[in-house]
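Start at 1 and go down the list; that is how both ligands and their atoms are numbered.
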Amino acid sequence: MRAVVYRGPRSMAVEEVEDPKVEQPGDALLEVTTTAICGSDLHMYEGRTGQEEGAVIGHEIMGVIREVGDGVVSIQPGDRVVLPFNIACGFCFNCTRGDFHACLTANPDSAHAAYGYAGMGPFRGGQAEYVRVPFADVNCLKLSGEPGDELEDDFVLLADVFPTGYHGAELAQVEPGDTVAVFGAGPVGQMAAYSSLLRGASEVYVVDDIESRLQLAESIGATPIDFTKGDPVEQIKEHRHRNTGSWRPGEEKADGVQAAIEAVGYQARSADDPGEEHPTQTLEWAVEVLNATGRLGLVGVYISPDPGADDGRAKEGTFPLPIASYFEKAISIGMGQCPVKRYNVFLRHLIEAGKAKPSFLVSHREPLDAAPQAYEHFDRRDPGWHKVVLKPAA
Ligand code: NAD
Ligand code: ZN
């Protein structure tokens, strides 16, 4: 079969690789109809992970089941399914409590597993014609309709970015009426803003410096904040002042936001020099813009080892943080991978009921062979390259 293979920093190739097959009784074999490129794939692409050359990439995967192992009971050939990017066994100490992002058995090396990702176990990725699905009963979410129908590009976003954006809002405990600052207007930031609005937030600010991404955020009802046009914390507070009356003593001091969602991660660019990285830039802004007792959902990735970091501690993923400000303000923080399976059923219901249409995000639909060029455009964050989906059968 053909698959997208990592060939070293800024080099992806579409190559013939060995066909996957059913290896364990619980496995299924999936023919991939749509697979997306993720901002997380760019960390590998840029040589900022420990990924090995020759690995098949891709963790946002949907398609049609072609074969199942003897032990699979709820999935059959012909089923249309989308896979959570995390691979979970379903029966371990963490999975049985809903923590599918921290499965203790799927990956022998650490408490999480995923398709085609550095440090996430020996599983091949799904930017390919076929992929092996371990623990298929647990990891397949069945879908209505037919392959390639009008919901295909909504459903593929259930593999990662829609649930991950939603998880950011969940970690930040976004409730009806809340005020929310989202850092990053990439796919995850867009989905975090969209999820916050679905949950009833009254004001959602989205911070980035890419004009086309800020416009996309504005198109769904968020307020765009360009961090190159002044301190984003001040910009948000100025905007808030114009909208807020002071009805309780001290309310005028709560001029920031109640919730913040970090959707950028360790490659955050510096406000002083957007050509340079400042890994804690957004975490510095977040604590400034949050009101006392505010909540932070951190879904942007921080990875170690990072062979491309500037200094030794950063290579190990250790950074200085304004922790005293976090403590003084009594900020609650939640972080980590999204347990996709915890949300994907209900987000699918929203899509099927016409209450959510996350595919507003999808800007490019390409054949698998166009993956290397698509990686270049998405990596440069070229204007309008919001989210690429690949169609292996095209
Ligand atoms: P992306 O990397 O393109 O999005 C990042 C956005 O942040 C870009 O638009 C960039 O311009 C912007 N940015 C850079 N520096 C900034 C700054 N200082 N302030 C504000 N914005 C800034 O793609 P993405 O797919 O949205 O991924 C975002 C992050 O989410 C990545 O770190 C990715 O690995 C992570 N992620 C996490 C999970 C999870 O389960 N927790 C899942 C998927 C992706
Ligand atoms: Zn992803």
Select the closest option to atom 37 (C) of ligand 1 among V182, V299, T228, judged by heavy-atom distance.
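Checking each option, the heavy atom nearest atom 37 (C) of ligand 1 is found in V299.
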
Proximal candidate to atom 2 (O) of ligand 1 [heavy atom criterion; set H386, R381, Q267]:
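Of the listed residues, R381 has the closest heavy atom.
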
Which residues pass the side chain to side chain contact (heavy atoms under 4.5 Å, CB included) test with V81, sequence neighbours left out?
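Expected list: L30, I65, D79, L83, C140, K142.
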
Regarding [X] and [Y], does a basic nitrogen lie under 4.0 Å from an acidic carboxylate oxygen?
{"X": "E277", "Y": "R48", "answer": "yes"}
{"X": "R2", "Y": "D19", "answer": "no"}
{"X": "E150", "Y": "K357", "answer": "no"}
{"X": "E288", "Y": "K237", "answer": "no"}
{"X": "R80", "Y": "E146", "answer": "no"}
{"X": "R380", "Y": "D382", "answer": "yes"}
{"X": "R213", "Y": "D208", "answer": "no"}

So is there a nitrogen or oxygen of [X] less than 3.5 Å from a nitrogen or oxygen in ligand 1?
{"X": "R213", "answer": "yes"}
{"X": "F183", "answer": "no"}
{"X": "C38", "answer": "no"}
{"X": "V301", "answer": "yes"}
{"X": "L42", "answer": "no"}

Can you list the atoms of ligand 1 that are under 4.0 Å from a heavy atom of [X]?
{"X": "D160", "answer": "42 (C), 43 (C)"}
{"X": "A268", "answer": "15 (N)"}
{"X": "F85", "answer": "40 (O)"}
{"X": "V207", "answer": "20 (C), 21 (N)"}
{"X": "V188", "answer": "24 (P), 25 (O), 26 (O), 27 (O), 30 (O), 43 (C), 44 (C)"}
{"X": "Q281", "answer": "18 (N)"}
{"X": "W285", "answer": "17 (C), 18 (N), 19 (N)"}
{"X": "I210", "answer": "9 (O), 11 (O)"}

Return the closest protein heavy atom for [atom] as residue, atom name and distance.
{"atom": "atom 14 (C) of ligand 1", "value": "V264 CG1, 3.6 Å"}
{"atom": "atom 36 (N) of ligand 1", "value": "S40 OG, 3.5 Å"}
{"atom": "atom 24 (P) of ligand 1", "value": "P187 CD, 3.5 Å"}
{"atom": "atom 38 (C) of ligand 1", "value": "T164 CG2, 3.5 Å"}
{"atom": "atom 5 (C) of ligand 1", "value": "A263 O, 4.0 Å"}
{"atom": "atom 17 (C) of ligand 1", "value": "F227 CE2, 3.5 Å"}
{"atom": "atom 15 (N) of ligand 1", "value": "R269 N, 2.9 Å"}
{"atom": "atom 6 (C) of ligand 1", "value": "D208 OD2, 3.6 Å"}

Extract all donor-acceptor atom pairs below 3.5 Å that involve side chains of residues 93-103 and protein atoms in other chains or at least two apart in sequence.
residue, atom, partner, partner atom, Å
N94, OD1, R97, NH2, 2.6
N94, ND2, A102, O, 2.8
T96, OG1, C92, O, 2.8
T96, OG1, F93, O, 3.3
R97, NE, F93, O, 3.0
D99, OD1, R342, NH2, 2.6

Please check if the distance between the ring centroids of Y266 and H43 is under 6.0 Å.
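Yes, they do, as the ring centres are separated by less than 6.0 Å.
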
Under 6.0 Å between ring centres, would you say that holds for Y115 and H59?
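So the answer is no for these two rings.
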
Please answer whether the main-chain N or O of V138 pairs with a side-chain N or O of K341 as donor and acceptor at a distance below 3.5 Å.
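Answer holds: yes.
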
Main chain of E262, side chain of T282: is a donor-acceptor contact present, judged purely on distance under 3.5 Å?
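No; zero donor-acceptor contacts below 3.5 Å.
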
Could you tell me if the side chain of E170 sits less than 4.5 Å from the side chain of Y343, heavy atoms only?
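A side-chain contact under 4.5 Å exists here.
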
Proximity flag S270 to ligand 1, non-hydrogen atoms under 4.0 Å
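No, S270 has no heavy atoms under 4.0 Å from ligand 1.
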
Which of these passes side-chain contact (heavy atoms from CB on, under 4.5 Å) with I37: V388, D379, V4?
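Single side-chain contact (heavy atoms from CB on, under 4.5 Å) partner of I37 among V388, D379, V4: V388.
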
Closest approach of P367 to L390 (non-hydrogen atoms, all atoms of both residues)
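That would be O-CD2, 3.8 Å.
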
Region of V161 engaging ligand 1 - heavy atom pairs below 4.0 Å
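The answer is neither; V161 stays 4.0 Å or more away.
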
Any idea how Y205 and H239 line up, ring-wise: parallel (<30°), tilted (30 to 60°), or perpendicular (>60°)?
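If you compare the ring of Y205 with that of H239, the planes turn out perpendicular.
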
Please tabulate, one pair per line, all N/O donor-acceptor pairs under 3.5 Å involving side-chain atoms of residues 173-181, not counting sequence neighbours.
residue, atom, partner, partner atom, Å
D178, OD2, E175, N, 2.8
D178, OD2, R295, NH2, 2.7
T179, OG1, Q258, N, 3.1

Strictly under 2.8 Å, how many protein N, O or S atoms lie near the Zn ion (ligand 2)? Waters don't count.
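The number of such protein atoms is 4.
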
